[in-house]
Amino acid sequence: MQFDTIILGAGAAGMMCASRCSGRVLVLDHAKAPGEKIRISGGGRCNFTNMYAGASNFLSQNPHFCKSAMARYTQWDFVELVDRYGIDWHEKTLGQLFCDGSAKQIVSMLLSEMDEAGAELWLLSSMKDLRKTEGGFALEVDREGKRISVTCRNLVLASGGKSIPKMGATGIAYDIARQFDLPLIDTRPGLVPFTFSEDRFKPLAGVALPARLSNARTSFGEALLFTHRGLSGPSVLQISSYWHEGETVSVNLIPEMGLFEKLREQRQISGRKDLVTVLAHHLPGRLVDHLRVEFDIKGKLADQSDVKLQALCDQMSSWALIPSGTEGYRTAEVTLGGIDTNALSSKTMETKTVPGLFVIGEAVDVTGWLGGFNFQWAWASGHAAGTAI
Ligand code: FDA
């Protein structure tokens, strides 16, 4: 069977690409449904893009690489598509756009777009063999137990990264990259909770508060959540993408709270109260209980000099923690690293050394922050390849 283009992966990038390609297009996926990550994303409401998406929201060895595709297919282009399908949406926070209804609306929209473009979709289909031919590629595909030989001029790798193997992530794009001698940037889990040894934060599981997490590279101020195994919440997921094993993360538990001034004022009115009691008016009680031991907090408020109060606030605003690790690919929202952007044209996403071979989406070494940026990259890179084909 002959196709002009075969797209490996019916995820966000693959479906967008298929809807933009001309010629006879086949999308292959080993899963039983397309766009599974879209379906479960954003708590079932899909944070499909971000109003403020720009190159500074992405990690890559080449921070400029994403600019071209993102400029030619912006967040507003995707919003226009969503509007055209009558899908209602809202901004949740920080420019993050979510469906009012269900993420399934986004999957249906992309399937309709693919249909309109005449693309074929084979589910429960895995690639068993891949060869370069003179005019393109020859693939052996196992489709629901049947072996089928297919050929194509263009092959698009849209099979994502390694995150959440339970949902079908395989890292096959990296294997194909090795087969064709494409350079790879080491992969690691991103947007992932931190773990700590010895159940350090177990008694705090469920405690949430606004916090700012920083390291030598960057800083994020959003919610922090203590879990049975460590730390999660948006601020943690964000900084995890900038963290390497063994490094310290500085946690500010009192950002923009003016705690020092507040404690000084309260010292005038309620100096006879215990410091911990007063602190519990400003921070979750269970956390104060934990910090009491950790920072040796004791005594009446009246007994605290300005120097002592300042020292306490300094401790609380720069709590140095060294995670023992992360939850790994099991729960990571994305995979950092991947196929080196040096190997690709930023305009078309075609590889420079293998004509007709394209790479899009998460398989590329372009990883977004939490907040709709990863989908925007999937749409933009899928559009770039699709319109080039
Ligand atoms: P994607 O993973 O979407 O698709 C890859 C496809 O390839 C899958 O259908 C898979 O089955 C298929 N495949 C893999 N290996 C194969 C093989 N060997 N043979 C055949 N097919 C194969 N981002 C965002 O912007 N907003 C959000 O709200 C969220 N929320 C979110 C929640 C959760 C729980 C996760 C895990 C991730 C997110 N993300 C997100 C990230 C986002 O889902 C991700 O970046 C994109 O889906 C990447 O799109 P791709 O098309 O590159 O890969």
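Values reported hereafter were calculated over all heavy atoms of this structure, with side chains retained and with hydrogens, waters and symmetry mates removed. Atoms within a ligand are numbered from 1 in the order they appear, just like the ligands themselves.
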If we number the atoms of ligand 1 from 1 as shown, the ones under 4.0 Å from a heavy atom of Gly372 are 24 (C), 25 (O), 26 (N)
Taking only residues two or more places apart in sequence, or in another chain, which ones meet Arg272 in a side-chain contact (heavy atoms from CB on, under 4.5 Å)?
none
With a 4.0 Å cut-off on N to O distance, would you call Asp289 and Arg292 a salt bridge?
yes
Just which atoms of ligand 1 are under 4.0 Å from any heavy atom in Asn47?
24 (C), 25 (O), 26 (N), 27 (C), 28 (O)
Pick, from Ala158, Gly171, Gly361, Gly168, the option with the minimum heavy-atom distance to atom 14 (C) of ligand 1.
Gly168
Nearest protein heavy atom with distance in Å, relative to atom 24 (C) of ligand 1:
Phe375 CD1, 3.1 Å
Ligand 1 versus Ala13: contacting region, heavy-atom distance under 4.0 Å:
both
Would you find more than 12 non-hydrogen atoms of other residues, nucleotides or ligands less than 6.0 Å from Lys347 atom NZ?
no
For ligand 1, which atoms, with element, lie under 4.0 Å from some heavy atom of Gly42?
28 (O), 30 (N)
When you look at CZ of Arg217, are more than 12 heavy atoms from neighbouring residues, nucleotides or ligands closer to it than 6.0 Å?
yes
Should the pair Glu265-Lys262 be classified as a salt bridge under the 4.0 Å nitrogen-to-oxygen rule?
no
Between His290 and Phe201, is the ring centroid distance below 6.0 Å?
yes
Are Ser250 and Asn215 packed together at the side-chain level, in the sense that at least one heavy-atom pair is separated by less than 4.5 angstrom?
no
Which residue and heavy atom of the protein sit nearest atom 53 (O) of ligand 1, plus the separation:
Gly160 CA, 3.5 Å
Numbering the atoms of ligand 1 from 1, which are under 4.0 Å from a heavy atom of Ile40?
34 (C)
Write out the residue and atom name of the closest protein heavy atom to atom 48 (C) of ligand 1, then the distance separating them to 0.1 Å.
Glu362 OE1, 3.4 Å
Pair Asp175 + Arg178: basic N to acidic O under 4.0 Å
yes
Under a 4.0 angstrom heavy-atom cut-off, which atoms of ligand 1 come close to Ala31?
11 (O)
salt_bridge(Glu36, Lys166) N-O dist < 4.0 Å
no
More than 12 heavy atoms of other groups within 6.0 Å of Arg267 CZ
yes
Which protein non-hydrogen atom lies closest to atom 49 (O) of ligand 1, naming both residue and atom, and how far is it?
Ala12 CB, 3.8 Å
Would you mind checking which non-hydrogen protein atom is closest to atom 18 (N) of ligand 1, with the distance to 0.1 Å?
Thr170 OG1, 3.2 Å
For Ile164, take its heavy atoms, then give the atoms of ligand 1 lying under 4.0 Å from any of them.
36 (C)
Closest protein heavy atom to atom 31 (C) of ligand 1, given as residue, atom name and distance to 0.1 Å
Glu333 OE1, 3.5 Å
For ligand 1, the portion of Asp29 having any non-hydrogen atom under 4.0 Å away:
both
Check each atom of ligand 1 against the heavy atoms of Phe373 and keep those under 4.0 Å away; list them by number with element.
25 (O)
Could you tell me whether Leu191 approaches ligand 1 through its side chain, its backbone, both or neither, with non-hydrogen atoms closer than 4.0 Å?
neither
Residues 374-389 vs side chain to side chain donor-acceptor pair (under 3.5 Å), sequence neighbours excluded, gives Arg20-His383, Thr49-Gln376
Out of all atoms in ligand 1, which are within 4.0 Å of some heavy atom of Gly11? Include the element for each.
3 (O), 4 (O), 6 (C), 9 (O), 51 (O)
